Amino acid sequence: MLRIAICCGEGYSSGYFSRHLAEASVKENLQDEVWFEFIPFYQLYDRQDEVDVAMIMPHMEPKAKSDKREYRIPMYIIPYKVVIKVTVRDFMEDAEDIIALSGGKGGVYCFPGEERLISVTRLVSHRKYIAGKR
């Protein structure tokens, strides 16, 4: 099972988003494949063993990038547009691909060409976007 933390500051956006994804995973019968957990960013370091990857809400980018602690899990800052319409399966694909991209190492990662969150326009997983399935 893929365990994904959804993180932000106090939990308003990430709490809502993680509940939305968890409910959608049940509707799509994916609850045995993926598990979403809201973890406030300030708790992530101490709770990182609970998940495989942390997906950070975009407004937390400066905080995540300035955190000098050595994480054991990959962290991915979700681009603004990806939060808008991405499906549970798209979100799972991004999590799987970030884990693969990290090579099992912790730290902040992004897909090639997505270094500036504001310029990311895709509304599907990075995998689908690259494959041309928009």
Side-chain angles (χ1 to χ4, degrees):
M1 175 175 292
L2 180 59
R3 303 169 306 157
I4 302 172
I6 308 296
C7 305
C8 79
E10 295 296 324
Y12 180 73
S13 60
S14 59
Y16 170 79
F17 195 49
S18 64
R19 279 190 306 279
H20 167 74
L21 290 168
E23 290 169 5
S25 69
V26 171
K27 286 180 185 173
E28 295 182 35
N29 202 27
L30 297 170
Q31 67 273 14
D32 294 333
E33 296 179 43
V34 65
W35 177 70
F36 296 97
E37 175 72 18
F38 156 65
I39 298 177
F41 186 76
Y42 69 88
Q43 293 180 4
L44 181 61
Y45 184 79
D46 294 329
R47 296 180 60 189
Q48 63 184 308
D49 292 329
E50 298 175 24
V51 295
D52 302 308
V53 61
M55 309 295 261
I56 314 292
M57 298 300 283
H59 63 278
M60 293 298 294
E61 178 182 23
K63 185 90 165 163
K65 287 185 173 180
S66 67
D67 190 343
K68 300 300 181 202
R69 295 177 288 186
E70 291 189 31
Y71 286 82
R72 295 179 300 281
I73 60 169
M75 297 182 292
Y76 172 66
I77 301 164
I78 309 165
Y80 291 96
K81 289 220 176 180
V82 173
V83 174
I84 295 171
K85 194 175 176 183
V86 74
T87 68
V88 171
R89 193 162 304 276
D90 288 325
F91 208 75
M92 288 173 60
E93 288 176 3
D94 278 351
E96 291 166 347
D97 293 344
I98 284 295
I99 291 169
L101 182 67
S102 75
K105 297 182 179 162
V108 177
Y109 293 88
C110 70
F111 293 112
E114 295 192 355
E115 292 79 9
R116 294 191 59 225
L117 297 182
I118 198 76
S119 65
V120 177
T121 60
R122 66 181 169 90
L123 296 173
V124 295
S125 71
H126 184 261
R127 184 186 303 175
K128 287 181 182 132
Y129 184 76
I130 293 301
K133 297 178 183 174
R134 300 174 194 181

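All values derive from a computational prediction rather than experimental measurement. Residue numbers run from 1 in the order of the sequence given.
At least one donor-acceptor pair closer than 3.5 Å links the side chain of Q48 to the backbone N or O of Y45.
Nearest heavy-atom pair across V53 and I73 is C-CD1, 4.4 Å. For V124 against K128, the heavy-atom pair with the smallest separation is CG2-CB, 3.9 Å. Between Q31 and M1, the shortest heavy-atom contact is O-CE, 3.2 Å. Nearest heavy atoms, G9 versus M60: N-SD, 3.5 Å. Taking every heavy atom of both residues into account, R47 and P40 meet most closely at NH1-CD, 4.3 Å. Nearest heavy atom pair, residue E115 against residue K65, reads O-NZ, 4.1 Å.
Here Y109 contributes atom OH and I99 contributes atom CD1; the two are 11.5 Å apart, rounded to the nearest 0.5 Å. Annotation: the span from L44 atom CG to E50 atom CD amounts to 9.5 Å, rounded to 0.5 Å. From L101, atom CG reaches atom CG of D94 across 11.0 Å, with rounding to the nearest 0.5 Å. To the nearest 0.5 Å, atom CE of residue M57 and atom CZ of residue F41 are 14.0 Å apart. A distance of 9.5 Å separates CG in L2 from CD in E33, rounded to the nearest 0.5 Å. If you take CG on D49 and CZ on R72, they are separated by 4.0 Å, rounding to the nearest 0.5 Å.
At least one side-chain heavy atom of E114 sits less than 4.5 Å from a side-chain heavy atom of P79.
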Checklist entry - Can you check side chain to side chain contact (heavy atoms under 4.5 Å, CB included) on K81 and L123, steps first, answer last? => result CA-CA 6 Å; K81 289 220 176 180; L123 296 173; 4.1 Å; yes
Next on the checklist: One pair to check against side chain to side chain contact (heavy atoms under 4.5 Å, CB included): H126 and Y76. What are the steps and the verdict?
Outcome noted: CA-CA 12 Å; H126 184 261; Y76 172 66; 5.8 Å; no
Checklist entry - Stepwise, does the side chain to side chain contact (heavy atoms under 4.5 Å, CB included) test hold for V120 with Y129? => result CA-CA 11 Å; V120 177; Y129 184 76; over 6 Å; no
Next on the checklist: Could you walk me through whether R89 and E28 satisfy the salt bridge (Lys or Arg N to Asp or Glu O under 4.0 Å) test, starting with their C-alpha distance in whole Å, then the side-chain angles of each, then the deciding distance to 0.1 Å, before giving a yes or no?
Outcome noted: CA-CA 9 Å; R89 193 162 304 276; E28 295 182 35; 5.1 Å; no
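I4 and I56 fall into different hydrophobic clusters, defined by Ile, Leu, Val, Met, Phe, Trp and Tyr side-chain heavy atoms under 4.5 Å apart, directly or through other members. Hydrophobic clustering (ILVMFWY, side-chain heavy atoms < 4.5 Å, transitive): L30 and F36 are in one cluster. Clustering ILVMFWY residues whenever any of their side-chain heavy atoms sit less than 4.5 angstrom apart, transitively, puts V88 in a cluster other than the one holding W35. Side-chain heavy atoms closer than 4.5 Å link hydrophobic residues (I, L, V, M, F, W, Y) into clusters, and following such links, even through other members, never connects I6 to M75. Placement of L21 and V34 within a single hydrophobic cluster is found when ILVMFWY residues are connected by side-chain heavy-atom separations under 4.5 Å, directly or transitively.
Within 6.0 Å of CZ on R116 lie no more than 12 heavy atoms contributed by other residues, nucleotides or ligands.
In this structure, the ring of F38 has its center no less than 6.0 angstrom from the ring center of F17.
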